[in-house]
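One structure is given below, encoded as structure tokens.
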Amino acid sequence: MSQTPLTPIEIGLTAAIVAVSDHEPQILTAGGSDGLTGLPFGPFDALTHRTFEIGLRAWVEEQAGLRLGYVEQLYTFGDRGRHAQAGDTDAHMVSIGYLALTRGADNAARAPGATFEPWYRFFPWEDRREAPPPLIAREIVPALSAWAEQEEAAEAARALPRKDRVRLCFALDGAAWDEERVLDRYELLYEAGLIEEARRDGRPAALARKALPSLGVAMRLDHRRILATAIARLRAKLKYRPVIFELLPTEFTLTELQHTVEAISGRHLHKQNFRRLVESESLVEPTGVMSTQTGGRPAALFRFRREVLQERPAPGLRVRSRR
């Protein structure tokens, strides 16, 4: 009896490496032969590396000159066609995505073409620190609303119809903005055919459009989806783990702490409310030293208070926005 030949599988490791510089969240990117921006990517060598994480840390240090601090596995991305063109019979690539945090954004990367870039370059609709980005009302909402009106009867049977998904994702008609819905918003734009990755993947909704709106910089393969997953995970993690301190120097001012939280969450925070929250959570302690690098009056320097990790199970910053 003949057997169906098995498709060979290769395992890759994709890293969303985050840093904060000048109050902007940065992501390490790497150029490729296809001319598209992507996340750093490397193969997993089972003979050399005992674990996926060891492999990830090794090739990131080798290729980018970075020693990673906090590393967390995100998800396994293995949709068919991810690394293949029509008719391609090569090995199917499964990529394990990782979120990594570093303080090294100001260090020059060793790999040619590797550089830190603001992550809002890829997700401009996610930055609401000053105000909701104008492109939401100008480009996104009209296009998504028209797409929602075209919903077929079979799709309307889903748990949430298109109109409700648009309303919840983009805070319409009184719905609150949820900064953790980064992946939901990206997937909605992809499904509606409004981003370049959807056209590249042959999605009918994208191919039917004469032109696509300019909604951030496209990335190779599914790297923007991986990055959306990483941003969503990090924004959620801020609220119940002290990961924000992996992005700060050992000593920092409370203003620097607030700006870093705002940069990651994409939300403006009330200064006094934020400081009361930090005090009530007992996450930091004063060093007894004043900083003169603030450009104004000297400010007290603080450091992360590590004892909090033994005092309660979920220490974090459950911040609330004024908007």
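Within the 4.5 Å cutoff, the side chain of R220 has no heavy atoms near those of the F41 side chain. Within the 4.5 Å cutoff, side-chain heavy atoms of L212 are placed close to those of E196. For the pair L247/I264, a side-chain contact is recorded, criterion being any heavy-atom separation below 4.5 Å from C-beta on.
Once rounded to the nearest 0.5 Å, the distance linking CD1 of I96 with CG of L74 reads 11.0 Å. Atom-to-atom distance recorded for D45:CG and R50:CZ is 14.5 Å, nearest 0.5 angstrom. Here the CG-CH2 distance, from L189 to W125, works out to 5.0 Å after rounding to the nearest 0.5 Å.
Here E130 does not pair with R267 in a salt bridge; the nearest charged N to carboxylate O distance is not below 4.0 Å. Looking at K239 and E180, a side-chain N of the basic residue comes within less than 4.0 Å of a carboxylate O on the acidic one, giving a salt bridge. Between R129 and E24, at least one side-chain N (NZ, or NE/NH1/NH2) sits under 4.0 Å from a carboxylate O, which counts as a salt bridge. A salt bridge between E281 and R312 is present, with a side-chain N of the basic residue lying under 4.0 Å from a carboxylate O of the acidic one. Using a cut-off of 4.0 Å between Lys/Arg side-chain N and Asp/Glu carboxylate O, R225 and E187 are scored as salt-bridged. Salt bridge R128/E179: absent, no basic N to carboxylate O contact under 4.0 Å. Taking a cutoff of 4.0 Å between a charged side-chain nitrogen and a carboxylate oxygen, R203 and E197 do not qualify as a salt bridge. Salt bridge annotation for E53-R57: present, with a cationic side-chain nitrogen under 4.0 angstrom from a carboxylate oxygen.
A cation-pi arrangement is present between R185 and W177, with the terminal nitrogen or guanidinium carbon under 6.0 Å from the aromatic centre and inside a 45° cone about the axis.
There is a side-chain donor-acceptor pair under 3.5 Å between T29 and E117. No hydrogens or angles considered: nothing links the side chains of R103 and S21 as a donor-acceptor pair under 3.5 Å.
The environment of E279 atom CD is sparse: at most 12 non-hydrogen atoms of other residues, nucleotides or ligands sit within 6.0 angstrom. Within a 6.0 Å radius of OH in Y70, more than 12 heavy atoms belonging to other residues, nucleotides or ligands are found. Heavy atoms of other residues, nucleotides or ligands lying less than 6.0 angstrom from CZ of R200 number more than 12.
The nearest pair of heavy atoms linking A198 to A206 is C-CB, 3.7 Å. L56 approaches L13 most closely through the heavy-atom pair N-CD1, 3.6 Å. Summarising the geometry of L227 relative to M219, their closest heavy-atom pair is CD2-SD, 4.1 Å, with the distance given to 0.1 Å. Nearest heavy-atom pair across L39 and H223 is N-ND1, 2.8 Å.
Taking the six-membered ring for Trp and the full ring otherwise, F304 and F252 have centroids separated by 6.0 Å or more.
Looking only at distances, a side-chain donor or acceptor of Y120 sits under 3.5 Å from a matching main-chain atom of A263. No donor-acceptor pair under 3.5 Å is formed between the side chain of E285 and the backbone N or O of R303.
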